[in-house]
Amino acid sequence: MALADKWTIARVLDEIAQYIELSDPNRFKSRAFERAARAVENLNEDISDLVAAGRLYETQGIGKAIGPIIEELVATGDSRYLKDLQKQYPAGIFDLLRVPALGLKKLGILYDKLGVASLEELELAAREGKIAKLKSFGPKTQTKILEGIETARKRESQYLLTTGLEIGERLRERLAAIDEVEDAEVTGSVRRRLEIIRNVNLAIATNDSAAVQKALKKVVDKFEVIDEQTVRGWARNEMPAWFHLSTPETFGANVLRTTGSAEFVAAFEKKVRNARLTARTEHDLFKRAGIPFVEPERRESSEDLKVKRVRLVEPSDLRGTFHVHTTYSDGRNSVLQMLTSAKDRGYEYVGISDHSKVAYYAGGLTEARLDEQQAEIAEKEKEVKPLRVFRGTEADILPDGSIDYGPETLKRFDFVVASVHSQFGMPKDEMTERILKALDDPHVTFIGHLTGRKLLVRDGYSVEFDRIFDKAARRGVMIEINGNPNRLDLDWRHIRNALDRGVIFSIHPDAHSIAEMSHVISGTWVARKAGLSAQQIFNTLPVDEVEKHFAARRKLSASRSLRA
DNA sequence: GCCGTTTTCGGCCCGACTGTTTTCAGTCG
């Protein structure tokens with residue numbers, strides 16, 4: 001029984017690579033550790049079996065230095081090599097990577113020459129002008145770092161929704177275990193599925209708030225009583241959690257009020273003329289108020305009280321999905337593993353799309369590798385019948401707006417996800433023209449992650465949405481709702497506008513592993529926040545209609561290239 | 001550090017951008 005599995009080992013090797021990059025001028029040394037980490041991840045065999053059989057060193061990328069580290073991890077679950085490195089640097093030094101323009105090399109120099117290992121020390125050094133004087137640094141870098149610190153600070157109090165969901169659910173379970181707690185529910189921006197949040201809220205029903213307050217002290221590390229009904233607490237290194245207490249009889253109002261948004265709640269209370277309605281559940285509260293129930297995702301503004309209620313799309317409405325990567329490019333699971341996970345989700349169809357040729361950094365496929373990939377799909381799809389497997393690609397939209405691979409190769413695909421992966425800094429008009437030109441290519445089926453944003457890391461590139469939506473609608477090119485929790489791109493705030501202009505959406509996981517197939521769920525949050533029903537999502541269609549659509553697109557691209 | 005030799009050193013996935021440089025290193029995708 002191994003004490004470390006391949007994922008743990010890969011993480012250790014990656015961490016070692018980071019430390020080496022800090023200190024060692026030979027960049028290829030850290031690369032070697034990264035390559036070994038990827039090699040370990042891609043093993044198809046149990047790593048402890050491999051070690052036991054003495055065949056570890058047959059793996060490409062594992063040699064006489066990294067091999068023993070892996071053997072030690074398998075045997076003891078620990079690495080002395082990593083521990084020594086950790087001792088040489090203060091904990092948390094890698095947090096500084098959140099400052100844009102600061103990479104591992106610069107971080108290494110800053111620590112070496114100035115002893116800088118925290119945001120505060122970095123800011124002080126920059127303000128005193130010490131950074132500009134360092135070799136290979138200068139005044140512009142120093143200014144950039146100061147700006148970067150601002151960005152990092154602003155983001156420090158913000159968290160991804162998925163983090164809030166995890167913390168909220170954990171707290172809810174612990175609350176539910178307290179005797180005096182009748183009911184507990186995660187509310188606030190987490191319940192509204194807002195993509196960026198600042199805190200976690202929980203509504204608690206109890207007849208003994210004193211006892212619950214006492215018990216809460218054991219649930220969190222830090223604790224502050226705001227008033228009789230409200231307690232704020234913090235778990236170590238986590239965002240603040242607000243606990244809102246009420247009697248079981250008024251729990252419905254408690255849930256409504258603490259779910260928010262403030263604007264929505266105010267509109268609700270105005271509508272019922274501030275009558276003090278009591279109800280044990282939120283649904284009862286709506287009923288007593290004579291207002292049709294509003295899904296929590298749809299409670300951002302007062303307008304949400306007025307719009308016509310529709311049944312919002314749910315994950316179970318999706319009959320398949322697209323934009324799935326495999327080990328052929330930068331995915332971590334094989335073709336068969338990804339197909340199997342689609343089948344296990346009960347899908348009728350799935351579309352595989354590895355990166356295109358120019359995406360070297362992501363292992364983009366040359367035409368020769370594409371042949372191999374398609375041959376493997378043809379072989380493995382027999383094992384997952386009746387799942388229908390569509391052949392696709394995530395093709396780069398090149399800086400001039402043309403699509404990577406060119407028409408001869410693009411013809412081979414059932415669908416093409418076209419995405420921007422380079423030159424993010426293009427001016428708005430150029431970036432817009434670039435995407436508009438991509439929409440002219442008849443091979444393009446979907447536009448992937450339209451704005452390229454990475455939540456809390458970088459803003460998306462700026463584009464003129466109206467022009468892109470209009471043309472996408474005219475050309476019959478669909479726009480992806482990328483469900484990766486780090487992206488959630490397109491932003492839900494833009495979707496209603498796109499819909500009014502005739503755009504069709506499709507919810508994709510952008511999955512790089514089996515686990516990431518569940519990103520379609522976060523994708524549905526975006527769609528629900530925008531008020532979309534199943535009828536407005538392409539991949540709720542049954543497989544024969546999807547096939548029909550692709551066939552029609554192919555005919556179109558054939559006729560257009562004839563005319564050209 | 002790993003690999004693979006025209007076997008014990010030299011190359012290692014690309015390209016744009018930026019700021020620091022007189023020719024290139026670090027960062028980002």
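Fair warning: this is a prediction, and the values are worked out from it, not measured in the lab.
Residue R153(A) qualifies as enclosed at atom CZ: its count of foreign heavy atoms under 6.0 Å is above 12.
Looking at residues two or more places apart in sequence or on another chain, you find no side chain to side chain contact (heavy atoms under 4.5 Å, CB included) involving K135(A). Residues meeting the ring pair (Phe, Tyr, Trp, His ring centres under 6.0 Å) test with Y461(A), sequence neighbours left out: F424(A). Residues that satisfy the side chain to side chain contact (heavy atoms under 4.5 Å, CB included) test with P315(A), not counting sequence neighbours, are I521(A), T524(A). The side-chain hydrogen bond (donor to acceptor under 3.5 Å, both in side chains) check on T59(A) picks up nothing, with sequence neighbours excluded.
Using a 4.0 Å heavy-atom cutoff across all strands shown, T59(A) reaches sugar-phosphate atoms only and no base atom. Within the 4.0 angstrom heavy-atom criterion, only backbone atoms of the sugar-phosphate kind lie near T141(A); the bases stay farther away. At a threshold of 4.0 angstrom between heavy atoms, the contacts of K64(A) are confined to the sugar-phosphate backbone, with no base atom among them.
By the 30° and 60° cut-offs, the orientation of the rings of H323(A) relative to H449(A) is tilted. The aromatic rings of F538(A) and F550(A) sit tilted, their planes meeting at an angle between 30° and 60°. Taking the six-membered ring where the residue is Trp, Y89(A) and Y111(A) present tilted rings, their angle falling between 30° and 60°.
If you walk DNA chain B from 5' to 3' and mark each nucleotide with an atom closer than 4.0 Å to a heavy atom of chain A, the marks span dG1(B) to dG29(B).
For the C1' atoms, the distance linking dG11(B) with dA16(B) amounts to 23 Å, nearest Å. dT8(B) and dC14(B) have their P atoms separated by 24 Å, with the value rounded to a whole Å. Taking atom P in both dG26(B) and dT21(B), the straight-line distance is 13 Å, to the nearest Å. For the P atoms, the distance linking dC12(B) with dG19(B) amounts to 29 Å, nearest Å. Going from the P atom of dT20(B) to that of dA25(B) covers 16 Å, rounded to whole Å. Atom name P, nucleotides dC13(B) and dC17(B): the rounded distance is 24 Å, in whole Å. Separating the C1' atom of dT6(B) from that of dG1(B) is a span of 24 Å, rounded to the nearest Å.
If you find the closest nucleotide of DNA chain B to L97(A) and to V358(A), the one lying nearer the 5' end belongs to V358(A). Toward the 5' end of DNA chain B, the nearer of the two residues G103(A) and K140(A), judged by each one's closest nucleotide, is K140(A).
Across every strand in view, dT8(B) sits unpaired, with no contact that passes the Watson-Crick or G-U test at under 3.5 angstrom.
Heavy-atom distances under 4.0 Å link DNA chain B to N26(A), F28(A), K29(A) of residues 18-31 of chain A, given in residue order.
Each of H512(A), E516(A), Q337(A) was checked for a side chain to side chain donor-acceptor pair (under 3.5 Å) with R332(A), and the lone residue meeting it is E516(A).
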